[in-house]
Amino acid sequence: MNKVKRFATSIHLWVGLTVGLAGCYLAATGGWLLLRPQSDALVSPYLVSARACPAAASFDRAIAAARGAYRGSPVESLWWKADPRSSLMVRYHDDQQAYFDRCDGHLLGVHSRWTGAFGFVEKLHRLRFLPAAIANNVAGAVAIGMAVAMGLIGLFIWWPRRRSAWKAAVSFDPGLTGRPRTRNRHSTIGAFVAPMLLLIAGTGVVIGFDTIQALIGANTAKKLPKLKIAALPAGRPAAMDAAWRNMIALTGEMPLSATLKAPAKSQPAIEIYFNRARDAHREIRNYVYADAATGTIARYTPYDQLPAGQRAYQWILGLHQGAVGGLAGQLLSLAATLAIVYLGYSGVKSYVQKRIGRPRPAVMRIAAVRDEAAGVKSFDLVTLRGGKLPRFNAGAHIDVHVPGGPKRQFSLVNGPAERDRFHIAVRLENQSRGGSRGMHALEAGQELLVGAPRNHFPIARSTRHATLIAAGIGITPILSMARHLAARGKPFTLHYFGRSADEMPFRDVLADRPFAGRTHVHVGVGRASIPGKLGSLLAERPRGGHLYVCGPEGFMDAVEGAALRAGWPQAALHRENFSSLAATGPREAVELTLARSGRKIVVAPEESLLDALVTAGVKVSSSCEQGTCGDCALTVCAGEIDHRDRFLSDAQRARGDVMLACVSRAKKGSLVVDL
């Protein structure tokens, strides 16, 4: 199953990046055309609407006027609507269209079917800039790709294998940012829109391929008596008015809309197809054939007497065009087309975030080292040649390759406006695995390999007031946010907690003018008193307020708990896990089995699964090593996962078939992975 899913995911990805984008193009243009029934008169009122008139002008006179108004091509058909304010439209064989006032028959204008706000988009949607045979095959092929690769395979990839995973699989995870957020939105929206995608694309397959239509028709056709109608003598006009009156008399009702096709060599009769008020949708057609010379009705075939294939095709056309279900069906189809466009956008965005969102690290020089507090040093990092550094947003961090040690992430302290340096601060940890200890051994002038800024802790765009809370070294991203908000003149309040003043870096900076009156320092608040203190601070949420917190895990849990109890919505709470996620939680030995070879690897308590695999010579892609980028994701065949990452959504965790090797572990001591 895992191999099948990987193969399906690959198909979904690459078809999505090719055929899927063409499908998004068709969805976008099709969505615009869904607005046409209600908007055509607003977009082109001088053509499609006229004075209210209970009875239409003479059809014979309108066709005669149409022949005089445009001589480039013979008249093909006349289009009528029951709406007393609609004009009469005459279409020519070369797709030019003439519009006439339905009261007195005077010409309103002539233009191509493929021009105007809707006509041009219809041309784009139906690929009319290509030869007809090619256009139909391309549209049909795209529809097949969308139905199979995007709809069916997408559902297969998303489908939860466990009952407990269903709730998470259809929910948006508000705690995600960056690429994980994009992936969560893509899969959740995709799950909801998949049935409509299958419906729209599936009906598009039938509409796109003429061979499928012919096959349906050939297998369901009824043998009707051949019409014995003589060809109209040359130069004699067709009796459209007489045919219309006879049709009304025969059917006993006025249709909602009708099309009267002029006689031709292949069909010498006047063909009228019309839609009635009692028909299920506007694409239902009833047919009348009349003698072109006299208007006498030769055959009447209502919808329910049509061949089954023809009736089915009319339903397929109605479903594809959002005509089934009235306004609700139209709006549902519109929402589906917009969702399909979003899926294309989010799919490409996720791919770009993964492939292009990994700038190569650069060598930088330590320009200055300062003691900021007891056990805390700050570092100014600059480029070797000087100049501006890459842009970043408040809350961003950088990857620093510690000489002789691991790669670690450190939040930027400076605001986004300061691009002459990267300013970071590092607290010396007692149980350091080489990161903080290696950093504290560095001096000004030494060089480091530093990655470009990345941000998993951004300020939400909807923030109207920011409540910033930090504890200890967690002040680093919070201070960057405060600097950014102060520079933009946006309201914020900052609360800074610490066990003692000597251990609180940047206290002097917070006394500066930009932060005066908006910063509150809380020194020596006991652990037992913190919940009560936080409860009073967060008792009232400012209008449009968002909360941002960084510090030890227990402190952040306390802040979130106090905010939730005070009525803050989960979506307004944002946290940055400053410490390495790999170091949190119980760390027991793990027996790792590689499914493809049967090889067993013992992961010691002090090392990550990723480190153990790399040490054993197993190639595993990795980047952040903090559970935030998803590069080291492994497919799990058996075993219960102890998820410790910030990349996977709740739905992905609930499925229990994928984990991040850099931080996550096993709950029961053993795992089997697809390696």
Side-chain angles (χ1 to χ4, degrees), residues 22-45 47-49 79-87 89 97 113-114 116-128 139-140 142-143 146-147 150-151 188-208 213 254-259 273-286 303 310-345:
C24 290
Y25 158 83
L26 293 177
T29 51
W32 176 251
L33 293 177
L34 285 169
L35 303 173
R36 191 169 196 167
Q38 291 85 4
S39 306
D40 218 353
L42 298 175
V43 173
S44 304
L47 291 178
V48 299
S49 61
W79 298 56
W80 175 91
K81 292 181 180 179
D83 183 357
R85 285 185 170 81
S86 65
S87 60
M89 186 189 81
Q97 298 178 159
R113 174 185 178 180
W114 309 117
F118 289 108
F120 180 67
V121 175
E122 183 183 359
K123 179 179 180 179
L124 296 178
H125 181 72
R126 299 179 65 178
L127 307 178
R128 288 291 177 168
V142 170
M146 292 295 289
M150 300 295 97
T188 305
I189 291 176
F192 281 111
V193 81
M196 283 299 295
L197 170 61
L198 289 170
L199 179 66
I200 294 172
T203 53
V205 172
V206 179
I207 295 170
Q213 299 171 32
M254 187 69 70
L256 285 178
S257 63
T259 299
Y273 56 83
F274 58 92
N275 180 251
R276 305 167 298 190
R278 55 194 169 96
D279 290 330
H281 56 82
R282 66 173 184 266
E283 293 301 325
I284 295 293
R285 292 179 178 181
N286 307 269
Y303 166 77
Q310 197 169 350
R311 296 198 305 271
Y313 183 77
Q314 291 178 13
W315 274 93
I316 288 170
L317 200 62
L319 289 168
H320 189 76
Q321 296 183 354
V324 177
L327 182 60
Q330 184 183 6
L331 293 176
L332 182 61
S333 297
L334 179 60
T337 58
L338 294 176
I340 292 169
V341 173
Y342 173 79
L343 291 176
Y345 160 76

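Pro255 and Ala82 make their closest contact through O-CB, 3.6 Å (heavy atoms, listed as atom of the first residue, atom of the second, distance). Considering all non-hydrogen atoms of both residues, Gly23 and Ile340 come closest at O-CG2, 4.5 Å. Across Val193 and Ala339, no two heavy atoms sit closer than the pair CG2-CB, 3.6 Å. The two atoms that bring Pro37 and Leu34 nearest to each other are CD-O, 3.4 Å, heavy atoms only. Taking each heavy atom of Gly30 and His125 in turn, the nearest pair found is N-ND1, 3.3 Å. Among all heavy-atom pairs drawn from Cys24 and Val341, the shortest one is O-CG2, 3.8 Å.
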Candidate pair Glu122 and Arg113, rule salt bridge (charged side-chain N to carboxylate O under 4.0 Å, His left out), full reasoning: CA-CA 9 Å; Glu122 183 183 359; Arg113 174 185 178 180; 3.3 Å; yes
Pair Asn286-Arg276, side chain to side chain donor-acceptor pair (under 3.5 Å): steps then yes or no: CA-CA 8 Å; Asn286 307 269; Arg276 305 167 298 190; 3.1 Å; yes
CA sep, side-chain torsions, deciding dist, call: Gln330, Gln38, side chain to side chain contact (heavy atoms under 4.5 Å, CB included): CA-CA 11 Å; Gln330 184 183 6; Gln38 291 85 4; 2.7 Å; yes
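Annotation: side chain of Met196 is in contact with side chain of Ser333 (closest heavy-atom distance under 4.5 Å). Counting heavy atoms from C-beta outward, Arg282 and Gln321 have side chains that approach closer than 4.5 Å. Side-chain contact check for His281 versus Trp315: some heavy-atom pair is nearer than 4.5 Å. When side chains are defined from C-beta on, Thr259 does not count as touching Phe274, because their heavy atoms never get closer than 4.5 Å. The closest side-chain heavy-atom distance from His320 to Ile200 is below 4.5 Å. Inter-residue side-chain proximity for Leu197 and Met150 is flagged as met; some heavy-atom pair is nearer than 4.5 Å. Here the side chains of Leu127 and Tyr25 are in contact, with some heavy-atom distance below 4.5 Å. Side-chain contact between Tyr303 and Arg311: present, with at least one pair of heavy atoms (C-beta onward) separated by less than 4.5 Å.
A ring-centre distance under 6.0 Å is found for Trp32 and Phe118.
Of the inter-residue distances, the one linking Ile207 atom CD1 with Ile316 atom CD1 reads 7.5 Å to the nearest 0.5 angstrom. With rounding to the nearest 0.5 angstrom, the OG atom of Ser257 is 9.0 Å from the CH2 atom of Trp79. Taken to the nearest 0.5 Å, the CZ atom of Arg126 stands 4.5 Å off from the CH2 atom of Trp114. In this structure, Leu334 CG and Leu338 CG are separated by 4.5 Å, a value rounded to the nearest 0.5 Å. Remark: Thr203 OG1 to Tyr313 OH distance equals 10.0 Å, nearest 0.5 Å. For the atom pair CG of Leu317 and CD of Gln213, the computed distance is 9.0 Å after rounding to the nearest 0.5 Å.
The main-chain N or O of Ala323 is never found under 3.5 Å from a side-chain atom of Glu283 such that the two would form a donor-acceptor pair. A donor-acceptor pair under 3.5 Å is formed between the side chain of Asn275 and the backbone N or O of Ile284.
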